[in-house]
Each structure stands twice: as structure tokens, then as C-alpha cells.
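Remarks on the structure that follows.
These numbers were taken from a predicted model, which means no experiment stands behind them.
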Amino acid sequence: MFVIIGIVVVIGAVLGGFTMAHGNIALLIQPAEFVIIVGAALGSLLIASPLSTIKKIFGSIPQLIKGVNFTKQDYLELLKSFNDLFLLAQRDGLLAIEKHVESPKDSEILSMSKTFINNHHASTFFADTMKVMLSGGVPPHELESLIDAEIETFEMESKPVVNAISKVGDSFPGLGIVAAVLGIIVTMSSIDEGAATVGMHVAAALVGTFLGVLLAYGFVNPIATNLELQHELEKRYLETIKACIVAYAKGNPPIIAVEIARRTIFSDYRPSFQELENYIRGKSDK
């Protein structure tokens, strides 16, 4: 939602300021310049990126609009569900949680955290790791290395998407110059048609430079930054899950495991020690 609002603000500010300076918005409508810049940018993206990356770029559009926003409540629900699951394992043995791990969506414990259950990557990440733990014979440090490998893979998979979008954004000012130069060529070929015609061609050429800079710094590069920050939030969510699993695998009681995990949460979303304790015990904050 904020992405859409941001786009509206950028367009409104640019066109509003141009209008306040007594500019004619109709002069900015230059389809030829837009085709040159956007078409060349898409072509350069096809040249620079494999098909898998291009699919991920277009696949990230819904994520961009929807956004990734883990709230304090999401983390409270996550840590409480892990605490309850590990308490069950501590009381009845690891095999008692096998059915919860095999099908997290059908688990009355894990399904308490709706964000966790609806996040396919996170729930699969947790379930697969717990299955390894249930299989036995894997020391905690090896389990941690296994989790780190998956998080690293997630990070490496997300980087090409952000890098590709950033490079396209960086190319827009240059492509705007290309469009402007082509516009000047058109201008020079019609220089004998009078000052008014030449002026219109020059204005169209300058619109090319304007579009290139605006698309780069007003839209594409901010989108790349947004996706990068969303990936960081997702990675931190996985790091919290990892911290809880590893802490429990090392023999810590469930309440200590979730406390260790709590401290990995970014401060904007981290519940206090008392908030977590009250939530786990079913008490309301006063």
C-alpha cells in the first residue's frame, strides 16, 4: 500500500510543481521517448539476467505491493507456539511432536501463529529442520550449520533480483540521454521548419532526459531498496526461528529457547521480556 502511495506522491509532486511553474503537462506526454527508454531498459534486463531471475523479478511485484511486515504480535504468536511445542516434546518426548512437524497447518499448536503458517517458506524451513532433529544423531552445531546453509541460500537467491532491478534503475539516466540525443538528431533534421517546430523537438528531447532521471531515482531504485529491506525482514524472521530451534537442541528449557530467540528480533518488533512471559502464560499486559 505504501508503495502505491509513494508512487502517487512522486507523480503528484513532479506534475504539481511543473504546473505551478506554469508548465504545460501535455508537453511531457512524449510516447516515443518513453518507448525508447523503457524498451531499451527491458532489453538490457533480458540481456543481463537469466530467465529464472526475470521470473522472480515479475513474481516479486505482488510482494512489493502487499509488503512484508512482521509485527510484534506476529513474533509473540510465533514464540508462544514454539514454547508450547517444545514443552510437549519435553513432557512426552520428541516423537510426540512428529504429527505437528509433518503437517504444521493441521497442528493446533503451530496454527496459533497465522503469519507463520501462511508463510510457506518459513513453515517449511521450520518443519524440515525439526524433521532432521527428530531423525536423531545430529549434534546441535551440525544442525546450526545446516540451518545457516539454508538461510545463506535464501539470501543468495534474493540478491540477484535486487541487483538486477538496481542496475536497470542505474541505466535509466543514460538511456534518457540516448533518447535525448535521438531527439536532437530529429531536431537537426527539421531545423529548416521554423523556430516553433525546432522548439517542440528540443522539448521532446529534454523530456527523454527528464524521464530517464525520474524513472531511476523516483521509481526503480526505490523499488529495489524496498525489496532489499523486505528480504532483510524475511531473513530476520528465519534467524529468529533458527535461534529458537538451536537453543532448544542444545538442551535449553523451552522458556529459555524462546527468550534467546526473542533477542534476535529487530527492536521495532521485539516484545519485552515481560510481554512475552505474560503472553505465554495467557496474561494480559497491564
Side-chain angles (χ1 to χ4, degrees), residues 55-56 59-60 62-63 66-158 230-231 233-262 264-265 269 271 276 279-282:
K55 287 181 178 179
K56 289 177 183 177
S60 65
Q63 175 188 339
K66 182 180 178 182
V68 174
N69 185 26
F70 298 109
T71 64
K72 181 188 291 187
Q73 183 64 28
D74 292 333
Y75 278 109
L76 283 170
E77 291 175 357
L78 178 75
L79 295 180
K80 176 173 170 49
S81 65
F82 286 175
N83 178 77
D84 291 352
L85 188 71
F86 293 153
L87 279 175
L88 177 63
Q90 188 180 55
R91 186 180 68 244
D92 300 334
L94 280 176
L95 291 180
I97 66 172
E98 185 175 7
K99 65 176 183 179
H100 300 276
V101 172
E102 289 293 339
S103 183
K105 286 189 176 181
D106 297 328
S107 167
E108 65 274 14
I109 295 177
L110 294 177
S111 60
M112 290 190 299
S113 177
K114 300 301 181 184
T115 299
F116 171 73
I117 289 299
N118 293 329
N119 188 321
H120 177 72
H121 185 206
S123 58
T124 303
F125 169 78
F126 174 77
D128 288 349
T129 305
M130 291 302 297
K131 289 173 187 176
V132 173
M133 183 187 295
L134 290 173
S135 67
V138 181
H141 69 275
E142 291 291 347
L143 186 67
E144 186 172 9
S145 297
L146 180 67
I147 300 173
D148 285 338
E150 184 166 353
I151 293 177
E152 183 181 0
T153 300
F154 167 77
E155 191 174 13
M156 294 301 293
E157 284 182 337
S158 63
Q230 288 193 32
H231 290 152
L233 290 176
E234 288 188 79
K235 179 185 173 185
R236 180 50 46 183
Y237 194 69
L238 297 180
E239 290 281 1
T240 300
I241 295 173
K242 166 201 162 182
C244 197
I245 295 174
V246 172
Y248 182 72
K250 289 180 178 180
N252 291 291
I255 191 63
I256 300 301
V258 297
E259 170 59 20
I260 292 172
R262 182 188 72 84
T264 67
I265 302 171
Y269 318 106
L276 178 59
Y279 192 80
I280 287 175
R281 294 182 178 180

* Distance-minimising heavy-atom pair for A122 and Y237 -> CB-CE2, 3.7 Å
* **P254 and Y248, any side-chain heavy atoms less than 4.5 Å apart** => yes
* Could you tell me whether the side chain of T240 and the main chain of R236 form a donor-acceptor pair under 3.5 Å? => yes
* N119 side chain vs T115 backbone, donor-acceptor pair below 3.5 Å -> no
* Salt bridge flag under 4.0 Å for residues R262 and E259 -> yes
* **K250 atom NZ: more than 12 heavy-atom contacts under 6.0 Å** => no
* **Sequence neighbours excluded - side chain to side chain donor-acceptor pair (under 3.5 Å) pairs with any residue from residues 132-154** => D148-K242
* Asked: Yes or no on side-chain contact (heavy atoms from CB on, under 4.5 Å) for H231 and E234, after CA distance, side-chain angles and deciding distance?
  -> CA-CA 5 Å; H231 290 152; E234 288 188 79; 3.8 Å; yes
* Determine yes or no for a side-chain-to-main-chain donor-acceptor pair under 3.5 angstrom, with T124 supplying the side chain and H121 the backbone. => no
* Any chance the side chains of D84 and S81 put a donor and an acceptor closer than 3.5 Å? -> no
* May I ask you to test the Y269-N69 pair for a side-chain heavy-atom distance under 4.5 Å? => yes
* Could you grab the distance from atom CD1 of I265 to atom CZ of F70, nearest 0.5 Å is fine? => 11.0 Å
* Asked: Rounded to the nearest 0.5 Å, how far apart are CD1 of I97 and CG of L87?
  -> 11.0 Å
* To do: Supply the atom-to-atom distance L79 CG to I280 CD1, rounded to the nearest 0.5 angstrom.
  => 7.0 Å
* Nearest-0.5 Å distance, CG of residue L276 to NZ of residue K72 -> 11.0 Å
* Say you draw a straight line from NZ of K105 to CG of L110; how long is it, rounded to the nearest 0.5 Å? -> 12.5 Å
* Taking all heavy atoms of P271 and all of L76, pick out the closest pair and write down the distance. => CB-CD2, 3.6 Å
* Could you list the residues that satisfy salt bridge (Lys or Arg N to Asp or Glu O under 4.0 Å) with K235, not counting sequence neighbours? => E155
* Structure fact -> Between N252 and A257, the two heavy atoms sitting closest are CB-N, 4.4 Å
* Which pair of non-hydrogen atoms, one from M133 and one from A249, has the smallest distance, and what is that distance? -> CE-CB, 3.7 Å
* Asked: Between V138 and L143, what is the shortest heavy-atom contact and its length?
  -> CG1-N, 3.8 Å
* Is it true that atom NZ of K131 has more than 12 heavy atoms of other residues, nucleotides or ligands lying nearer than 6.0 Å? -> yes
* Can you measure from CG (N83) to CD1 (I256) and round to the nearest 0.5 angstrom? => 10.5 Å
* Structure fact -> Residues I245 and F126: closest non-hydrogen pair is CD1-CD1, 3.5 Å
* **Short side-chain to backbone donor-acceptor contact, T264 and A261, under 3.5 Å** => yes
* Side-chain (D74) to main-chain (T71) donor-acceptor, under 3.5 angstrom -> yes
* Any side-chain heavy atom of E157 sitting closer than 4.5 Å to one from K56? -> yes
* Carefully, step by step, assess H100 and E108 under the rule side-chain contact (heavy atoms from CB on, under 4.5 Å). => CA-CA 8 Å; H100 300 276; E108 65 274 14; 3.5 Å; yes
